[in-house]
Amino acid sequence: ELAIHTFAEEAAARRQARAVWEAAEQERHRTEAARRAEATEVYASKRAVEEERKRGARAVESARRKESKEVEVARIQEVRVVRASQQEELRKAREVEAVRKREARAAEMARRKEAMDMEAARKKGLVESRWRE
């Protein structure tokens, strides 16, 4: 009877030890699950912060590129306007020079014609005076 009683006590002690071990194992699983959940939450939070930082950086870069493009377009437009203005000034200068040369040629032709007319009149006067003689 003592042996049976001892065996029963040992069996009860084993059951109790197993129950304590299972409770400890469940607590360890809960703690591990809570730690993993917290780590996942921290990682997700860090990832969200990093994605927000990257999104902000992309927005800033996009704005910088757009502004840079607008500045470049404005600079190109300004160069075109200056070039067109210079070409217009050059065209006007050439036109003025062409008019000046035309007027100079016309004046030279008029001077030559006048000289020729005077020479012709002088010769005619000489011819007439010789005829009179």
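Worth saying up front: this structure is predicted, and the values here are computed from it rather than measured.
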Using the test side chain to side chain donor-acceptor pair (under 3.5 Å), find all partners of [X] that sit at least two apart in sequence or belong to another chain.
{"X": "Gln16", "answer": "none"}
{"X": "Glu72", "answer": "Arg75"}
{"X": "Arg80", "answer": "none"}

Interatomic spacing from [atom1] in [X] to [atom2] in [Y] - rounded to 0.5 Å:
{"X": "Arg53", "Y": "Lys46", "atom1": "CZ", "atom2": "NZ", "value": "14.0 Å"}
{"X": "His5", "Y": "Glu10", "atom1": "NE2", "atom2": "CD", "value": "10.5 Å"}
{"X": "Glu103", "Y": "Arg105", "atom1": "CD", "atom2": "CZ", "value": "10.5 Å"}
{"X": "Glu50", "Y": "Tyr43", "atom1": "CD", "atom2": "OH", "value": "10.0 Å"}
{"X": "Asp117", "Y": "Lys113", "atom1": "CG", "atom2": "NZ", "value": "4.0 Å"}

Please tabulate, one pair per line, all N/O donor-acceptor pairs under 3.5 Å involving side-chain atoms of residues 88-97, not counting sequence neighbours.
| residue | atom | partner | partner atom | Å |
| --- | --- | --- | --- | --- |
| Glu88 | OE1 | Arg91 | NE | 3.3 |
| Glu88 | OE2 | Arg91 | NH2 | 2.4 |
| Arg91 | NH1 | Glu95 | OE1 | 2.8 |
| Glu97 | OE1 | Arg100 | NE | 3.3 |
| Glu97 | OE2 | Arg100 | NE | 3.4 |
| Glu97 | OE2 | Arg100 | NH2 | 2.4 |

Should we say atom [atom1] of [X] is surrounded by more than 12 heavy atoms from elsewhere, each under 6.0 Å from it?
{"X": "Glu61", "atom1": "CD", "answer": "yes"}
{"X": "Glu108", "atom1": "CD", "answer": "yes"}
{"X": "Glu67", "atom1": "CD", "answer": "no"}

Test item: Arg65 and Lys69 side chains (from C-beta on) under 4.5 Å apart, heavy atoms: no
Within-4.5 Å side-chain heavy-atom neighbours: Glu52 and Arg55: yes
From CA spacing to verdict: side-chain contact (heavy atoms from CB on, under 4.5 Å), Thr31, Arg35: CA-CA 6 Å; Thr31 305; Arg35 189 193 61 72; 5.6 Å; no
For Gln87, all residues meeting side chain to side chain contact (heavy atoms under 4.5 Å, CB included), sequence neighbours excluded: none
Test side chain to side chain contact (heavy atoms under 4.5 Å, CB included) applied to Glu25 - qualifying residues, sequence neighbours left out: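 Listed in chain order: Trp21, Arg28, His29.
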Thr40 side chain to Arg36 backbone, donor-acceptor under 3.5 Å: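 It does hold such a pair.
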